[in-house]
Asks: 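Have a look at this one before I ask anything.
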Amino acid sequence: MAFPALEKDLLSRVGELMSQPAVKGVLIADGNGLCLIAQGDLQAKSSGYLASVALRAQELVGSEAEAPTVCVESDTCNIYVRKEGALIVAVMKTAHAA
């Protein structure tokens, strides 16, 4: 069963994020780490790791708290990941634009 409206919405939101300055990649996964969409420098094979980071961060702050944003920093880029409802959203930016 296909969900064209959901797919169109995801593609639209990813397009909006990718058009932001310094954004190098966007990945959206479900709560199990299954990659739903990946564009730019974020690869689908990293979706499980990114989902795990977001879910563990939520456990650390408690389920009632607002979902935390985790930043993975390197010399060349920063990856911001957080749980948004049932989805995991990760955005890669160039390091100097954080």
Side-chain angles (χ1 to χ4, degrees):
M1 175 189 259
F3 297 97
L6 177 62
E7 184 177 354
K8 185 178 179 182
D9 187 46
L10 281 178
L11 289 171
S12 172
R13 291 177 188 267
V14 168
E16 289 173 15
L17 288 170
M18 287 295 296
S19 69
Q20 297 296 312
V23 173
K24 296 173 55 177
V26 175
L27 182 143
I28 299 177
D30 69 8
N32 294 316
L34 175 67
C35 182
L36 301 176
I37 188 167
Q39 287 190 2
D41 292 347
L42 277 175
Q43 298 179 3
K45 67 182 182 181
S46 62
S47 64
Y49 297 116
L50 292 168
S52 180
V53 167
L55 294 170
R56 297 307 165 252
Q58 183 70 53
E59 288 177 6
L60 288 172
V61 298
S63 62
E64 301 302 318
E66 180 181 343
T69 300
V70 177
C71 178
V72 179
E73 297 180 351
S74 76
D75 290 339
T76 59
C77 69
N78 296 331
I79 301 172
Y80 301 90
V81 60
R82 71 180 287 146
K83 187 174 186 291
E84 293 284 342
L87 300 176
I88 307 300
V89 179
V91 177
M92 178 186 282
K93 290 184 155 190
T94 54
H96 70 294

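Count residues from 1 along the sequence.
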Asks: Going by the salt bridge (Lys or Arg N to Asp or Glu O under 4.0 Å) test, which pairs reach into residues 15-36, not counting sequence neighbours?
Replies: K24-D41
Asks: What residues, two or more places apart in sequence or in another chain, satisfy side-chain hydrogen bond (donor to acceptor under 3.5 Å, both in side chains) together with E66?
Replies: none
Asks: What's the shortest heavy-atom distance between Q43 and S46, and which atoms?
Replies: O-OG, 2.7 Å
Asks: Might you point out which heavy atoms bring A67 and Q58 nearest each other, and give the distance in Å?
Replies: CA-OE1, 3.1 Å
Asks: Name all residues meeting the side-chain hydrogen bond (donor to acceptor under 3.5 Å, both in side chains) criterion together with T69; count only those two or more places apart in sequence or in a different chain, and write none if there are none.
Replies: R82
Asks: So, the side chain of S47 versus the backbone of L34: is there a donor-acceptor pair under 3.5 Å, distance only?
Replies: no
Asks: Once side chain to side chain contact (heavy atoms under 4.5 Å, CB included) is applied, do any residues pair with E73, and if so which ones, sequence neighbours excluded?
Replies: C71, N78
Asks: When rounded to the nearest 0.5 angstrom, what distance separates CD in Q20 from CG in L17?
Replies: 7.0 Å
Asks: For L27, which fellow cluster members are found when Ile, Leu, Val, Met, Phe, Trp and Tyr are connected by side-chain heavy-atom distances below 4.5 angstrom, either directly or through intermediates?
Replies: L42, L50, V53, L55, V70, V72, I79, V81, I88, M92
Asks: What pairs with S74 under side chain to side chain contact (heavy atoms under 4.5 Å, CB included), at least two apart in sequence or on another chain?
Replies: T76, C77
Asks: Sequence neighbours left out, what pairs pass salt bridge (Lys or Arg N to Asp or Glu O under 4.0 Å) with at least one residue falling in residues 49-60?
Replies: R56-E59
Asks: Looking at residues at least two apart in the chain, or sitting in another chain, which of them share a side chain to side chain contact (heavy atoms under 4.5 Å, CB included) with Q39?
Replies: L11, V14, M18, I37
